[in-house]
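Written below as structure tokens is the structure these notes are about.
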Amino acid sequence: MARGTLKLATYNVNGIRSRLPHLLAWLDKEAPDIACLQELKAIDEGFPIGDIRAAGYGALWKGQRSWNGVAILAKGADPVESRRVLPGDRADDQSRYLEAAAHGIIVGCLYLPNGNPQPGPKFDYKLKWFDRLIRHARSLFDSGHPVALAGDFNVVPTDFDIYNPRSWLKDALLQPESRERYQKLLAQGWIDAVRESHPDERIYTFWDYFRQHWQRDSGLRIDHILLNRQLAPRLKQAGVDRWVRGLPKASDHAPTWVTFKAEAVRRRAKQ
DNA sequence: ATGGCTACCATAGGTAGA
């Protein structure tokens, strides 16, 4: 990583314990300064904090048995927690949101509900969760701090973000209600960093385990990193670490990342 | 329309993922 650059990544590990070797190999090779993880699928006591510290990272995590679970890692630092629940529903006990400050930015790490099958209660929960996110995102956007929202949004924003929408038309990830909410979020002013950096390129972050979809590059773009007005001008590059998806016994998601100029550009007043 | 695969768990099929 070049000096003066900050790298932020999101990675749905699909099981932190079974994916630990991949996670450590990825941290070692790509060295993100901040990493958001989703689908830990482990209780708090099952989080491998010792291995992660040994790799040079501080961490916050929020586990849950069997499903969900999110974490924020910071290279050479301890992220400072600002939230561990998404506001708006005290009865919601699913571990899907964690927010912290690290390396001078605020990052919201999220695992938006999948929502299948739809229609049904899971889809209703997805839409309600999305509405809560939109509401909270407004305050983050307006906070005056550099903010990123990073995670598995479980939304394919457009038909350009999927190899072929035909067989997914009834899937919760492509429903108009899901897509409208993603657009509503962006309308607050957030920049979709990967799409911003690659406007004309097919980019995927997820390939399911079926029918050799990885081998055929039949993927979906559902892991996103959104930047607010303070952070977007610092965007340098964005991409997907596809090599991680190609490892044996890989998660069905690949790490998705952005790089920033480390600090806001200061200009000297002209004489 | 279903199933194809993977990870989790009251470790055997059920549930969930997307």
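Order of the sequence lines fixes the chain letters, A, B, ..., with proteins taken first and strands second; residue numbering starts at 1 for each chain. None of the values given here were measured: they were computed from a predicted structure.
- Between the side chains of Y11(A) and D241(A), not a single donor N or O lies within less than 3.5 Å of an accepting N or O.
- Taking atom NZ of residue K126(A) and atom C1' of nucleotide dA18(B), one finds them 9 Å apart after rounding to whole Å.
- Shown are T205(A), N12(A), N154(A); of these, the side chain to side chain donor-acceptor pair (under 3.5 Å) with D223(A) is made only by T205(A).
- Using a 4.0 Å cut-off on heavy atoms, the residues of residues 154-165 of chain A that approach DNA chain B are N154(A), listed by number.
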Summarise how protein sits on nucleotides 2-12 of chain B as a single string, 5' to 3': B when a protein heavy atom is under 4.0 Å from the base, S for sugar-phosphate-only contact, - for no contact. -BBBSSSSS--

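- A side chain to side chain donor-acceptor pair (under 3.5 Å) check over residues 72-83 of chain A, counting only residues at least two apart or in different chains, returns the pairs R53(A)-D78(A), E81(A)-R84(A), S82(A)-E99(A).
- Protein atom CG of D252(A) is 17 Å distant from nucleotide atom P of dA16(B), rounded to whole Å.
- In dT11(B) the base sits syn relative to the sugar, since the glycosidic angle is no further than 90° from 0.
- A heavy-atom distance below 4.0 Å to DNA chain B is reached by these residues of residues 107-114 of chain A, ordered by number: Y111(A), N114(A).
- With pairs defined as Watson-Crick or G-U wobble and both atom distances under 3.5 Å, the stems of at least three pairs that touch DNA chain B come out as B:5-9 with B:13-17.
- Side-chain contact between F141(A) and V147(A): absent, with no pair of heavy atoms (C-beta onward) separated by less than 4.5 Å.
- The aromatic rings of Y163(A) and H213(A) are tilted relative to each other, their planes meeting at an angle between 30° and 60°.
- Ring orientation note: the planes of Y182(A) and F153(A) are nearly perpendicular, at an angle over 60° on the 30°/60° scale.
- The shortest non-hydrogen separation linking A262(A) to T5(A) is CB-N, 4.0 Å.
- Along DNA chain B, the nucleotide nearest to P117(A) and the one nearest to K170(A) differ in position, and the one closer to the 5' end is contacted by K170(A).
- Here ring-ring contact (aromatic ring centres under 6.0 Å, His included) pairs that include residues 92-120 of chain A, with residues two or more places apart or in two chains, are Y97(A)-H136(A).
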